[in-house]
Amino acid sequence: MIFLIVKERTVPVKIKLGKALLRRLPKNHPKRATIEQDLAKGQAGYKGEEALDFYLKRLPQKNFYIFQDLRLQHTYSYFQIDTLILSPCFAVILEVKNISGTLYFDPYFQQLIRTMNDKVEGFQDPLTQVRRQSELFKKWITEHNIPDIPIKNFVVISHPSTIITTPPENSQALQTVCHAFQLVSKIEALTNHFIKEKLSEKNLKKLNRLLIKKHNPLQYNIQHYNISQNEILKGVHCPECSFIPMARVQGAWVCANCNTRAKDAHVETIDDYFLLIRPTVTNKQLRQFLQISSPDLCNRILRALNLPCTGKGKGRIYFQSEPLEKN
DNA sequence: GTTGCCTTCGGCAGTTAGCG
DNA sequence: CGCTAACTGCCGAAGGCAAC
């Protein structure tokens, strides 16, 4: 009896970057509106995916391996899968949509139309999207010499009150689109339908390992918004009110705006540095970003963080510690 | 190689926040 | 109020880097 989340969802870089930028760009920066929109979109999507995970935990305790948020490459095409469920008999690709209101899947023009509060809005057709993903995934599997396996797609609507409509002849939508709460029964039906074992234990292990190894996360940085480093505000930001810069007073950071006192406020700021500036840092570079003058203080801060580093003396460089990804 | 510069590191002393 | 632990700057030694 195995039920294993092999690759767990983490907060997307897109969201982390957006938050960091909104903290660290001047209030009147022209790019703020775009970043705010992107962030809202990203957060809605992530919320939907997390809502789905809630239902996924209710899956029967069978032989399932779950991969959240995969990005793979076939020839020159990249494709991103919100959730992949693997069993020895079949694979399921889930595309999650966190859209509220009334949805109409239009088969003739392959579009998704959302009506909410008398406002009509068009979205990219998730059915086309998920079909592309499963075609590329099929090719990817073949490319890596894994035996063929039936692949089933679902477009999962995470918002329970969303109303889903489509003309009765749109069989693809009828079969593929579902609410998150329907998912468990849909997958249970699949376990009854696909009973022939297509992947040996060895092949399944190989596929698991390959998926982790070939996962290629999208690298987001400030260049996506055409922002240069000198537009970024320097100084430690307040964990409570985001005011920049906090002042260092006897072992703690003090906010001039809200009077918050925090001993470790610089940790978030150093995360921002790694996200916005570069993944390495020296004593001098960090002093500049934290807006402190003492090399000794900076050295003690750096030492306390236990970051991996290379070099001695003047040549010392510290690295962003990667979140441990074990399987 | 020599020189100057930068950083690390341990130790020391002065200062301060926080606690009983 | 007084004590203590923590914090900070400063010192000197050591070592790497870069320019001469």
Side-chain angles (χ1 to χ4, degrees), chain A residues 8 10-29 31-32 35 39 212-213 215-327:
Chain A
E8 207 154 355
T10 52
V11 179
V13 183
K14 195 179 172 181
I15 291 179
K16 289 189 192 165
L17 181 76
K19 286 186 175 175
L21 277 173
L22 291 177
R23 267 198 294 269
R24 296 196 168 269
L25 284 178
K27 287 277 169 279
N28 58 357
H29 194 281
K31 301 272 168 64
R32 286 189 77 97
I35 297 165
L39 180 61
I212 294 295
K213 193 174 147 202
H215 170 59
N216 185 336
L218 187 59
Q219 295 301 325
Y220 256 99
N221 55 43
I222 56 174
Q223 276 152 27
H224 273 85
Y225 292 108
N226 241 322
I227 290 169
S228 81
Q229 287 178 11
N230 49 32
E231 296 172 75
I232 306 288
L233 297 178
K234 295 175 178 60
V236 173
H237 68 265
C238 174
E240 294 301 320
C241 72
S242 294
F243 177 85
I244 295 175
M246 296 182 92
R248 179 80 178 183
V249 182
Q250 195 64 24
W253 301 93
V254 179
C255 177
N257 185 49
C258 72
N259 259 329
T260 296
R261 221 187 111 88
K263 283 181 97 62
D264 55 358
H266 58 275
V267 176
E268 278 184 26
T269 300
I270 295 170
D271 286 343
D272 281 0
Y273 172 91
F274 284 138
L275 205 54
L276 301 175
I277 309 295
R278 63 179 80 77
T280 64
V281 75
T282 65
N283 188 306
K284 191 177 182 177
Q285 290 165 345
L286 188 60
R287 251 151 48 211
Q288 210 202 10
F289 199 73
L290 297 181
Q291 297 278 293
I292 53 177
S293 55
S294 160
D296 277 315
L297 174 58
C298 196
N299 179 261
R300 284 176 170 123
I301 285 173
L302 279 167
R303 253 195 290 177
L305 288 173
N306 259 326
L307 298 175
C309 62
T310 59
K312 279 182 165 183
K314 191 188 170 178
R316 179 85 114 216
I317 297 170
Y318 299 87
F319 297 87
Q320 176 174 29
S321 55
E322 298 294 333
L324 298 170
E325 269 192 40
K326 294 262 175 201
N327 49 327

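Labels below follow one simple rule: chain letters A, B, ... track the order of the sequence lines, proteins then strands, and each chain is numbered from 1.
Between A/Ser294 and the phosphate of C/dG9, there is a side-chain N or O to OP1/OP2 separation shorter than 4.0 Å.
Both tests hold for A/Arg248 against A/Trp253: distance to the six-membered ring centre under 6.0 Å, angle to the ring axis within 45°.
At least one side-chain heavy atom of A/Leu276 sits less than 4.5 Å from a side-chain heavy atom of A/Leu17.
When all heavy atoms are compared, the tightest approach of A/Pro295 to A/Asn283 is O-ND2, 3.3 Å.
Nucleic acid contact class of A/Asn299 (heavy atoms, under 4.0 Å, all strands): sugar-phosphate only.
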Could you list, one pair per line, each protein nitrogen or oxygen that sits under 3.5 Å from a nitrogen or oxygen of nucleotides 17-20 of chain C, together with the distance?
none

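In this entry the distance linking CD1 of A/Ile301 with C1' of C/dC7 reads 11 Å, nearest Å. As a whole-Å value, the separation of A/Arg316 CZ from C/dG16 P is 12 Å. Atom CG in A/Leu297 sits about 17 Å away from atom P in C/dA6, given to the nearest Å. Nucleotide C/dT8 holds its P atom 6 Å from the CD atom of A/Gln250, rounded to whole Å. What separates CZ of A/Arg261 from P of C/dA6 is a distance of 14 Å, to the nearest Å.
To the nearest 0.5 Å, the span separating CD1 on A/Ile227 from CG on A/Leu25 amounts to 4.5 Å. Between the NE2 atom of A/His266 and the CZ atom of A/Phe289 there is a distance of 13.5 Å, given to the nearest 0.5 Å. Atom CZ of A/Arg287 and atom NZ of A/Lys234 lie 14.5 Å apart (nearest 0.5 Å). How far CG of A/Leu21 is from CG of A/Asn221: 10.0 Å, rounded to the nearest 0.5 Å.
When DNA chain B is scanned in the 5' to 3' direction for atoms under 4.0 Å from non-hydrogen atoms of chain A, the outermost contacting nucleotides are B/dC5 to B/dG18.
Other residues, nucleotides and ligands contribute over 12 non-hydrogen atoms within 6.0 Å of the NZ atom of A/Lys31.
Side-chain contact annotation: A/Asn230 with A/Ser228, donor-acceptor N/O pair under 3.5 Å present.
Mapping A/Pro295 and A/Arg300 onto DNA chain B by nearest heavy atom places A/Pro295 closer to the 5' end of the strand.
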